[in-house]
Chemist: 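Shown below is the structure under consideration.
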Amino acid sequence: QEVVQTENSYTSQEVSITIETVQTTIDKNLVTYYVADVYVASPDNFKTRLANDKFSYYGAQEPKSLSKAAGAILAVNGDYATVHKNGFIVRNGEVYLSDLNKGVCVMYADGTMETFDQGSYDVNAVLEKNPLHVWSFGPSLLDENGKALEEFNLAKGIGGRHPRCAIGYYEPGHYCFIVVDGRQKHSAGIKIPQLAEIFEELGCKVAYNLDGGGSAVMIIETDKMVAPEHLQQLRAIRGVGKYQGISRHNFFTFLVQQTQLYGFQAALHQIKGLGVQIHFVYHGISSLFPHFPQYSTFPVPMQQRDGSG
C-alpha cells in the first residue's frame with residue numbers, strides 16, 4: 001500500500017498523522033507545544049503498551065526503547081499507571097484494576113471517548129460498554145459542550161506551569177495529542193486552564209490531561225515517518241536541556257501503528273477476505289487483525305489551523 005510522507009506528516013490507508021509546532025506567548029511567557037493530529041482507520045491502530053510489557057509496580061522503561069519495541073509511528077507517554085495499587089486501569093481491552101472509582105478517560109472499542117470525574121460513574125457500567133483503554137490521571141479539560149472548564153480539582157503540584165501531555169478527541173477515528181515543552185528558556189510550560197483552552201480552540205469534544213513534567217514525551221519513529229530534526233524525538237525535558245534516558249514514570253505509551261506484514265506472522269494469523277490487516281504488538285505477542293470498516297471515509301483532510309495558540 002502507498003505511504004505518503006512529508007517532513008511533518010505521514011499518510012497511509014490506516015493512519016494519517018500531521019505534526020504542528022506552535023510557538024506563542026501565554027501570560028507573557030514563551031511557550032512551545034506540539035500538536036499531533038491523528039486519524040486512524042480502526043481502533044486496532046491505537047494501542048497502548050506498558051513499560052517492559054507488563055503491569056509491574058513502578059515499572060519504567062526508556063521511552064525510545066518502548067516505542068521501537070512496539071513498532072509505533074508516533075508515541076506519547078501515558079498516565080502514571082503502574083504506581084496505582086488500586087483504581088481503574090484498562091489497556092488494549094485487558095482490565096488490570098477495577099476496584100476504585102477514580103477520575104478516568106475511557107476509549108471504547110468503537111473509537112468513542114469520554115471522561116468521568118471521581119465518584120461520578122459506575123465502574124461495572126463502563127466495563128459493560130467494552131472499554132479498550134481506561135486512563136487515570138486527569139483532570140478532564142472540557143465540559144460536555146467542548147468548552148474549557150474553569151475550575152479544576154487538582155492534586156498538589158499539578159496546577160503550576162509545567163511541561164504537559166494530553167489527549168483530545170473529535171470523533172471516532174480522529175484524535176490529537178499535545179505535548180508542551182517546559183522549564184526551559186524557550187518554553188516555560190503552561191497551566192491546566194491554558195491547556196484546556198488550547199483543546200477548546202482545536203475543536204475537540206473531549207480532552208484529558210496525562211502525566212506531565214519530566215514524564216511528558218512525544219516520539220516519532222523516523223524510519224517510518226520523515227520529520228525535521230527538532231521533531232525526531234520531541235521531549236518536554238526535565239529542565240536540563242537534553243534527553244535523559246529513563247522516564248521516571250513511563251508506564252504506558254499511546255501507539256499509533258502502521259501495517260507491518262511479516263511472513264511467518266501472516267501465515268499464523270492471516271484472516272482472508274476481510275480487507276487490510278493490522279499488525280500490532282500486544283503483551284509481547286504479534287497478531288494480525290482485519291481492518292475495521294467503520295471509518296470508511298478515512299483519511300479525512302486535515303483541519304487547517306493558524307498556529308496562533
Side-chain angles (χ1 to χ4, degrees), residues 1-21 34-49 63-64 66-78 91-93 107-113 132-133 165 167-179 202 204 217-228 231-234 252-262 265-266 269 271 274-282 286-305:
Q1 62 176 343
E2 183 180 1
V3 173
V4 178
Q5 302 179 69
T6 70
E7 70 171 14
N8 69 334
S9 69
Y10 180 103
T11 304
S12 72
Q13 285 185 312
E14 293 112 13
V15 175
S16 181
I17 302 169
T18 298
I19 308 292
E20 178 184 357
T21 302
Y34 306 92
V35 182
D37 194 56
V38 177
Y39 289 86
V40 294
S42 158
D44 280 327
N45 296 103
F46 192 132
K47 291 293 175 183
T48 62
R49 184 180 175 95
K64 187 72 172 176
L66 193 158
S67 174
K68 187 167 287 291
I73 298 169
L74 172 75
V76 303
N77 65 284
R91 296 293 181 271
N92 304 310
M107 179 178 175
Y108 297 101
D110 63 0
T112 58
M113 186 177 289
L132 185 62
H133 309 294
C165 180
I167 181 174
Y169 164 80
Y170 297 96
E171 61 184 353
H174 187 193
Y175 312 91
C176 70
F177 303 110
I178 291 179
V179 169
L202 291 174
C204 291
V217 62
M218 178 182 286
I219 294 173
I220 297 169
E221 293 296 343
T222 54
D223 60 338
K224 301 182 182 70
M225 179 174 177
V226 177
L231 290 177
Q232 289 179 13
Q233 185 168 279
L234 305 181
F252 70 82
T253 302
F254 292 99
L255 306 173
V256 181
Q257 296 172 309
Q258 169 64 24
T259 300
Q260 300 175 30
L261 295 181
Y262 299 103
Q265 294 166 340
H269 302 286
I271 303 174
L274 294 176
V276 179
Q277 295 166 326
I278 308 298
H279 168 269
F280 64 88
V281 180
Y282 172 60
S286 296
S287 302
L288 287 168
F289 285 88
H291 165 73
F292 284 13
Q294 61 259 47
Y295 308 139
S296 58
T297 59
F298 172 86
V300 180
M302 296 292 139
Q303 292 182 338
Q304 298 298 313
R305 298 190 292 274

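Note that these values count all heavy atoms, side chains included, but never hydrogens, waters or copies made by symmetry. Every value quoted in this text rests on a predicted model; they were computed, and no experiment measured them.
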Chemist: Restricting to non-hydrogen atoms, name the atom on R49 and the atom on A70 that form the minimum distance, rounded to 0.1 Å.
Modeler: CD-CB, 3.4 Å

Chemist: Kindly indicate whether the side chain of I167, heavy atoms from C-beta on, has any atom under 4.5 Å from the side chain of M113.
Modeler: yes

Chemist: Quick one, C165 and F177 - any side-chain contact, counting heavy atoms below 4.5 Å?
Modeler: no

Chemist: Restricting to non-hydrogen atoms, name the atom on D110 and the atom on P43 that form the minimum distance, rounded to 0.1 Å.
Modeler: C-CG, 4.4 Å

Chemist: Looking at side-chain heavy atoms only, is the closest gap between S12 and V15 below 4.5 Å?
Modeler: yes

Chemist: Can you confirm whether I220 sits close enough to I17 that some side-chain heavy atom of one is under 4.5 Å from a side-chain heavy atom of the other?
Modeler: no

Chemist: Should the pair H174 and Y39 be assigned to parallel (<30°), tilted (30 to 60°) or perpendicular (>60°) ring geometry?
Modeler: parallel

Chemist: Between H133 and N92, is any pair of side-chain heavy atoms under 4.5 Å apart?
Modeler: yes

Chemist: Looking only at heavy atoms, what is the nearest atom pair of M218 and Y34, with distance?
Modeler: CE-O, 4.1 Å

Chemist: Begin with the C-alpha distance, continue with both residues' side-chain angles, and end with the deciding distance and a verdict on side chain to side chain contact (heavy atoms under 4.5 Å, CB included) for D37 and E20.
Modeler: CA-CA 8 Å; D37 194 56; E20 178 184 357; over 6 Å; no

Chemist: Tell me whether Y175 contacts the main-chain N or O of G111 through its side chain, where contact means a donor paired with an acceptor under 3.5 Å.
Modeler: yes

Chemist: Answer whether the closest heavy-atom distance between the side chains of T112 and Y169 falls below 4.5 Å.
Modeler: yes

Chemist: With no hydrogens and no angle check, is any side-chain donor or acceptor of N77 less than 3.5 Å from a backbone partner on V217?
Modeler: yes

